[in-house]
Amino acid sequence: MTFQDLNLNTPLRNALDDLGFTHPTPIQEQSFNVVSSGKDVVGIAQTGTGKTFAYMLPILKNLAYSRQENPRVLVLVPTRELVVQVVEEIEKLSKYINNRVLGVYGGTNINTQKQAVAQGIDILVATPGRLYDLAMSRVLQLKSIQKLVIDEVDVMLDLGFRHQLMNIFDILPERRQNIMFSATMTEDVDALITDFFINPTKISIAVSGTPLDNIKQAHYDVPNFYSKVNLLEHLLSGRDIFNKVLIFVAYKRMADRLFEQLEERFYGESCVIHSNKTQNYRLRSIEQFVSGEQRIMIATDVMARGLDIDDISHVINFDTPIYPENYMHRIGRTGRAEKEGVALVFSTEKEQEAIERIEALMQMQIPMLELPESVEISKELIEEERPQIKERHNPLKQHDDSAGEAFHEKKDKNKKTNQGGSYRRTMAKKYKKPKTRGDKKANRRKRRR
Ligand code: AMP
């Protein structure tokens, strides 16, 4: 298919010609008619697949010239960098169209943006916080919005913007087309679609279910979190073999929890990235992992997406991804550039179904490995593994996850009582033997003195 086959108008065709683009990418091909139809749409596509044009081509084609001042198209994105990038892409396509595009984001002077809004706009690209502030100031009127695009929804939810999105939905006209793009499917994204979209059409470029030949896969059945930690400790002790290890977990709290465990066992050899960490912290972690200064990196699916790191010896799925596509993305981080890579997946009994879905997608079974004898099976359970006591009518618990993981984290922390030297005590209890490595933090303190 070429762009000639899409029913584009001359200004768009000429703009594409100038860019030298002749063929639509797969996501553009699939999106065009669906977005044009006015139905709600959910697209699963990563950056670099041409997703911006996938929603912008049909929107621009159908956006008639107008002199009205209020924007008719709203594009929400999670970061200011993306605001700039999306505005640039729209401008490229609008070379021969007389439309007004504006990008707004936080951390800059709101008054300048108010003035720009007052000039009249057709398409507004914004981060959620700044958009809401502008709407509240009444300079920005959202009553003419016909199309709402939310781009990188997964990142947006991961950054804790759900609440802000809800507020924005409240002030938008009810009759509108919702278009959403996400690079990864997560439970949060799923929930948002179910709650706010009307029977959306889903489009995605099929993730290849064929793993690279040079990735060796294996699967361990492990009953619970602490046993997984013990297995991980056993494996990571082989420093020569496990020399650059990317460990995936599903959510932030688990990432922090695992990081704490690894710090006790392999002090200073690991780092963690997820969206509650500052950008500086994340960049520094990635740098140290890339340079080999740190051998182990723990990451969530959403945050690890943009990473392009060579020579990863092992990808370890500390949990089994619910969405098989995420497994394919995870393991694809190793075995790059023809190098051999190893991908391991740990799964509890609860995660068996997820393993089956992954195996169905790949149409192959992941070879199973026995747990090494020296790996101790722990009986201790973490909060999520304990049987849940159902509180049926607790209004506080009804579907308000807007506070995000941090809320839970705090509650957990507050529950702890200080009994002094507690870590060693719990370890001793768990392993029924004294830990010999000593209290590293205290040792370090001594050395510094
Ligand atoms: P995106 O996935 O939207 O971030 O786009 C990635 C890059 O691909 C952007 O620089 C686009 O300008 C470019 N691009 C978009 N569509 C096409 C196409 N059909 N052919 C070639 N390049 C494209």
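Start at 1 and go down the list; that is how both ligands and their atoms are numbered. All of these numbers come straight from a predicted model, not from anything done at the bench.
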Query - Cation-pi geometry met for Lys228 and Phe225 (6.0 Å, 45°) - result: no
Requested in this report: Look at atom 14 (N) of ligand 1 and say which protein heavy atom is nearest, naming residue and atom and giving the distance to 0.1 Å.
Outcome: Phe21 CE1, 3.5 Å
Query raised in the report: What atoms in ligand 1 come closer than 4.0 Å to a heavy atom of Lys92?
Result: 12 (O)
**Report entry** Spacing of NZ belonging to Lys339 relative to CD1 belonging to Ile215, to within rounding of 0.5 Å
**Finding:** 13.5 Å
Query raised in the report: In the protein, which heavy atom is nearest to atom 19 (N) of ligand 1, and how far is it?
Result: His23 O, 2.8 Å
Report summary line: the protein heavy atom lying closest to atom 16 (N) of ligand 1 turns out to be Gln28 NE2, 2.7 Å
Report task. For Gly50, counting its heavy atoms only, list the atoms of ligand 1 lying under 4.0 Å from any of them. Result -> 1 (P), 2 (O), 3 (O), 5 (O), 15 (C)
Report task. Cation-pi check, Arg357 to Tyr323: give yes when NZ or CZ is under 6.0 Å from the six-membered ring centre and within 45° of the ring axis, no otherwise. Result -> no
Query raised in the report: Between atom CG of Asn9 and atom CG of Leu60, what is the distance when rounded to the nearest 0.5 Å?
Result: 8.5 Å
Requested in this report: Please determine if Phe3 has a nitrogen or oxygen closer than 3.5 Å to a nitrogen or oxygen of ligand 1.
Outcome: no
Query raised in the report: Ring centres of Phe169 and Phe196 under 6.0 Å apart?
Result: yes
Query raised in the report: Honestly, is Arg295 close enough over Phe266, meaning NZ or CZ under 6.0 Å from the six-membered ring centre and within 45° of the axis?
Result: yes
Report task. Check whether any protein heavy atom sits under 4.0 Å from atom 21 (C) of ligand 1. Result -> yes
Report summary line: Phe53 heavy atoms within 4.0 Å reach ligand 1 at atoms 15 (C), 16 (N)
Report summary line: When distances are taken from atom 11 (C) of ligand 1, the protein heavy atom at minimum range is Glu89 OE1, 3.2 Å
**Report entry** Point-to-point distance, once rounded to the nearest 0.5 Å, from OG1 of Thr79 to CD of Glu152
**Finding:** 6.5 Å
Query raised in the report: Which protein heavy atom lies closest to atom 6 (C) of ligand 1, and at what distance to 0.1 Å?
Result: Gly48 CA, 3.7 Å
Query raised in the report: Between Phe181 and Tyr55, does the ring centre distance come in under 6.0 Å?
Result: yes
Query - Heavy atom of protein inside 4.0 Å of atom 3 (O) of ligand 1, strictly below - result: yes
